[in-house]
Every structure is written in structure tokens, then in C-alpha cells.
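These figures come from a predicted structure and were not determined experimentally. In what follows, chains are A, B, ... by sequence order, proteins preceding strands, each numbered from 1. What you see below is based on every heavy atom in this structure, not just the backbone, and it leaves out hydrogens, waters and symmetry mates.
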2 protein chains.
Amino acid sequence: MNDVFPIGVQSFAPLYQEVRRLLTQSLSEGEWQPGQALPSESKLAQRYHVSIGTIRRAIDDLVVEQILVRQQGRGTFVGTHTPKRKLYHFFHIVREDGVKELPEPETIDFSRDRADENTAKRLNLLPGERIIRMVNLQRLGRQTVAVDHIVLSHDRFRDLSEKIVRERDGTLYSLYQTRYGINIVRAQERLRAALCERDTARLLGVPTGAPVLEINRTAMTYHNTPVELRRSVVNTKGHEYWNELGKIDRRI
Amino acid sequence: MNDVFPIGVQSFAPLYQEVRRLLTQSLSEGEWQPGQALPSESKLAQRYHVSIGTIRRAIDDLVVEQILVRQQGRGTFVGTHTPKRKLYHFFHIVREDGVKELPEPETIDFSRDRADENTAKRLNLLPGERIIRMVNLQRLGRQTVAVDHIVLSHDRFRDLSEKIVRERDGTLYSLYQTRYGINIVRAQERLRAALCERDTARLLGVPTGAPVLEINRTAMTYHNTPVELRRSVVNTKGHEYWNELGKIDRRI
DNA sequence: AAGTGGTCTAGACCACCAT
DNA sequence: TGGTGGTCTAGACCACTTA
């Protein structure tokens, strides 16, 4: 970069944002795999011809987004979707008394379909392109607290099969990450109240017509690329959706 | 601070965290009022006998939490609860089509009461201490989308009256901030689905028993001190609760 | 022109981890 | 002991605002 612009001169964007872009690029290309360490900060500084401070500034951003994880004395690692790590970043259901439990997901249905107009739009596909549909349960303790209807682009997950999904160990996001190198890093959710339909009610163990929380999520990988659509129906008798506004965990 | 510990030597906590603590202290004591500018970074560096870098690191944290706002060329300001600023930090209801509208709050009921055991616990009071109860409407366009039941400690808002609340201009948080110097900086929310009760249904314009979103919020000021309890009942026909996971707005 | 925050650098030293 | 990230400093210069 300093080959192009003299040191200390900002051309268009700040240097650290450019470095951040290059790091994200390498991550999305799989140069560093989930769980693996990145080169040390001094190595990265050499590689991009910037100072360590600038490297740290770029990494800071990715650490805040939980895309990277720093461990003092060990290195900087690509974040994974293993339990206790990014889990609660994407799972906001807690017990009524506030206790967090590990959800146990189970996929109970798998089928292929074609995208309608709305689905295509939300997944950046063309209407009629092939998609995968799944139905997934989230269990906390012995109770099923949520039923997820999931939609994926078939092309992104070409060899995904019912067998693979059923026999996986861990969450779907972990599967996307380890098997397809697709790292879910962001999501948008829309919540509303609804009355539970019969099939879902049976799975949740509530009466048909019981009030349920409906969550529409779009999950994204790097560059805000949408990867998965998920409609979750949550039984909020006994569990709640938890959110913190303005909280800062351990800053960087 | 360097009078006590030699430069470059970390004693217990990092220096910038200590500076952050002192800044928060001054904020909570009202040394710098909402909307006003803090001393410049170089002045603060002199005041606390640290380098500008350390000051910036401390301010960074507070900016991420939206407690402070930086404006290049102008200064660093205490965040306010004016519309377009912290508003959407604490208001997550959007129109079904994703459009954000400014809510128009109106308080329709005001009374005094005594705290029961649970309320006391959540507000850090003793059972039997005096509290204020309010009922508040949130309007978007011509529709009432939420009914809030609010509880405050009477002692914190000693002279608060129905008149003041009704004649205010803006949100309650803005009132707390400007009139009482109490700055809401954080909140915890728990969401669940419920069936709408009769009185609330009438206010929302939905049938009794319609599915509604129920939000239980604890709003806090500095040092995680709870200030306000709020139970919001939201009509999610036409509007939704919106949440983003892993988003990073404009980092610092 | 002066003052503010924003970026970038270079270097010293600390804390932690692995060996 | 050597390598990693974490903290703190000092200084130069850029970008923006205000007067």
C-alpha cells in the first residue's frame, strides 16, 4: 500500500479500513480457516507494509464483530460457531428465570424446492432457482422451545443432504462453517406475535392458537451476503427472547 | 495517576479503563451536561496526566456505548436522547415494510404507588418505598403501536408530576436527562408473546385476545444502576420488533 | 488561522503462553 | 526463553469546523 501512497498520506479511505477489507477478503477466500490462527500482528504488518498499530486497528473491528478472537500470548484466531463462543451471539432464547442453557438443535425435515419471487429477492437469487428447505427444532432441557423453517440456496450447499444434516454434531451455522467454509457473521431479525398453527403447535407441545413469538431472520456472511432465511416460532411460556441495548461486553 | 504509578507500569487495571471510570464518574455527577462538549482530548490528557492515545482509548469505549459522540473539528459531546440520535438505540419498532418512523409518545396516566417485593428488587429499592406509575402510548403515523406501563422510583424523580409529563416535548428518556440529569445509557429487554387484555386492546385498537408482543425492559444509567421498569405491549400487525446481530455501525 | 478530532507511525515495556 | 497480544507514550500530519 505504501508502494502506492506515501506514508502518512490518506488517499481515499483510511489505511486500516483498507487492511480490514484485505483481511476480510482473505477470510472469505478461506486463507485462514475457522479456529486457525492468523499470522502474528508483526507478520501482517510486514505483509501489508503498514505499522502494527494500523494492523491492530483493523483487527479491532473484526474482533468487535466476533469474526476474529484474540488470545493474549497465543495469537489471533478465526472465530468459530462452537458452543460457548459465537453461540449466544445468534441464539437469544433464555429461560424465564434468566438462565442460559445450551440449545440442542435437531433437524426433522429436509426437502428441495424452487425459490419464489420473495425468497429469491431475500437470498439474492433469481426466481425459480433451486433452494433447500429444512425444519429444525431447538430444545432446551427436555422442552422444544422453537421450530425453525430454514431456506438455503441450493447452489451454495450443493452436496448438502438429509443424511449430512441429521448426522451433524452441533448447530447448522457450525456445519455451514466447517463443511462449506461459509461463516455466518451477521443477522437481521424481525419479531412479531402470532397465533400458533396446528403443525407447529404439535411440535412445540402447545395448543393450536396459543400465542407464539415469530422471528424472521436473514443470516449473512462477509460483505453482507445473505446465506440463510429462517422463520422461528418460539414458545415463550417458560422462555423469552433476550436483548441488551447499549451493552459493551469486553471492548476489543 | 502517574504520581502514583510510574509511566508504562500497569498496576492493576489498564490506565485507559481507569480514565474511563473517571470520565463516567464526572458524567454521572453532571460535570458535563447532555449536549455539551467535553474538554478537548489534549486538555483531558493534561488533566489526567496521561497521553492523548490513552484518553482516546477511554473515550472510544464511551463512544461505542453512545454515551459520548465525537464530531471531527468540533469536539466530543455528551450524547442526548433527541430524535435521530439515541432514539433508535432504544426504540426497536419498525414498520412491517422496514421503514423507520419517529414515534410520538403520549402519557395518558400518572399515579403514585408503593413498591412490591419484585419491583423493589428490580429497581434497587426496599419494598414499600414510593414509586411512580405511568401509562404511555407510542404512536407511529396515526396508529398506536405500543402501550407502555412504566415504573420509576419516586425519590429519583421527586417533583415529577402529571403536568410535567403531559407537557413535555419528546421522549421520557429525554425528560429524565434534561430535567433530572439522569442519562439512560443501557437497557435489558425480555420479549414474549401474549394475548392482549381488554384495556390494552382498546388502546391498541385490536380485539381482546389478539396476539401481542410483550416487552419487559429495565433501563439503566451509569454504573448499571436501574432507573426505569417498562412493560410494553406491542401490536405487531403492521409493525415489528427489529434487531441486528453482529452489526457494527460506524466503528468509533 | 487556530483548534478539534482522525490517522499513522515507531518504540518501549508488560502480561501471558508455550517450550 | 522467545513469541504473542496488550498497554502506553510521543510525535507528525490530515480533515474538518469555526471564526
Side-chain angles (χ1 to χ4, degrees), chain A residues 1-23 32 36-64 67-79 249-252, chain B residues 1-23 32 36-64 67-79 249-252:
Chain A
M1 268 164 289
N2 291 342
D3 306 339
V4 184
F5 309 114
I7 296 176
V9 173
Q10 289 171 42
S11 51
F12 300 99
L15 246 186
Y16 73 86
Q17 285 183 20
E18 177 66 7
V19 171
R20 193 202 131 120
R21 201 184 59 74
L22 293 169
L23 290 173
W32 309 301
Q36 286 184 351
L38 267 66
S40 72
E41 295 176 345
S42 59
K43 297 257 179 57
L44 288 171
Q46 288 172 29
R47 166 165 167 175
Y48 297 120
H49 306 293
V50 299
S51 75
I52 286 189
T54 300
I55 290 289
R56 285 188 61 81
R57 187 74 160 81
I59 291 179
D60 280 353
D61 278 13
L62 299 171
V63 168
V64 168
I67 290 170
L68 298 179
V69 182
R70 287 210 182 90
Q71 289 186 239
Q72 187 174 11
R74 303 224 308 131
T76 302
F77 300 82
V78 183
D249 270 305
R250 324 139 260 104
R251 153 92 163 77
I252 298 174
Chain B
M1 269 165 288
N2 292 341
D3 306 339
V4 185
F5 308 114
I7 295 176
V9 172
Q10 290 171 42
S11 51
F12 300 98
L15 245 187
Y16 73 87
Q17 285 183 19
E18 178 64 6
V19 171
R20 194 203 129 121
R21 201 183 60 74
L22 293 168
L23 289 173
W32 309 300
Q36 286 184 351
L38 268 66
S40 72
E41 295 176 345
S42 58
K43 296 256 178 58
L44 289 172
Q46 289 171 29
R47 165 166 170 175
Y48 296 121
H49 305 293
V50 299
S51 74
I52 286 190
T54 300
I55 289 290
R56 285 188 60 81
R57 187 75 160 79
I59 292 178
D60 280 354
D61 278 13
L62 299 171
V63 168
V64 168
I67 290 170
L68 298 180
V69 182
R70 286 209 183 91
Q71 290 185 238
Q72 188 173 9
R74 302 224 307 132
T76 301
F77 301 81
V78 183
D249 270 306
R250 323 140 262 105
R251 154 94 162 76
I252 298 172

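Side-chain N/O atoms of B:Thr54 include one lying less than 4.0 angstrom from OP1 or OP2 on D:dT9. Taking side-chain N and O atoms only, A:Thr76 has a distance below 4.0 Å to OP1 or OP2 of D:dG5. Considering only side-chain N and O atoms, B:Tyr16 lies under 4.0 angstrom from the phosphate OP1 or OP2 of D:dT7. The phosphate of C:dC8 has neither OP1 nor OP2 within less than 4.0 Å of any side-chain N or O from A:Ser51. Look at A:Arg57 and you won't find any side-chain N or O under 4.0 angstrom from OP1 or OP2 of C:dC8. At the phosphate of C:dT4, OP1 or OP2 sits under 4.0 Å from a side-chain N or O atom of B:Ser40. Distances shorter than 4.0 Å separate none of the side-chain N or O atoms of B:Ser42 from OP1 or OP2 on C:dG3.
For the pair A:Gln17 and A:Arg74, both in contact range of DNA chain C, the more 5′-proximal nearest nucleotide belongs to A:Gln17.
Between A:Pro39 and A:Trp32, the shortest heavy-atom distance links the atoms CD-NE1, 3.5 Å.
Between A:Arg56 atom CZ and D:dG5 atom P the separation is 8 Å, expressed in whole Å. Here D:dA10 presents its P atom at 15 Å from CD of B:Glu41, a figure rounded to the nearest Å. Note: CD (B:Gln71) to C1' (C:dG3) measures 15 Å, nearest angstrom. One atom, CG of B:Leu15, and another, C1' of C:dA15, lie 15 Å apart when rounded to the nearest Å. When rounded to the nearest whole Å, the span between CD1 of B:Ile55 and C1' of C:dG6 equals 16 Å. Going from atom NZ of B:Lys43 over to atom P of C:dG5 covers 9 Å, rounded to whole Å. Straight-line distance from the CD atom of B:Gln72 to the C1' atom of C:dT7: 10 Å, rounded to whole Å. Per the geometry, CG belonging to B:Asp60 stands 14 Å off C1' belonging to D:dC8, to the nearest Å.
Counting heavy atoms from C-beta outward, A:Val69 and A:Thr76 have side chains that stay 4.5 Å or more apart. Residues A:Gln36 and A:Phe77 fail the side-chain proximity criterion, which asks for heavy atoms closer than 4.5 Å. Contact of the B:Val19 side chain with the B:Leu23 side chain is registered, since non-hydrogen atoms from C-beta on lie closer than 4.5 Å.
Among D:dG6, D:dC8, C:dC8, the nucleotide with an atom closest to any side-chain atom of A:Arg70 is D:dG6.
Using a 4.0 Å cut-off between charged nitrogen and carboxylate oxygen, A:Asp61 and A:Arg56 do not count as a salt-bridge pair.
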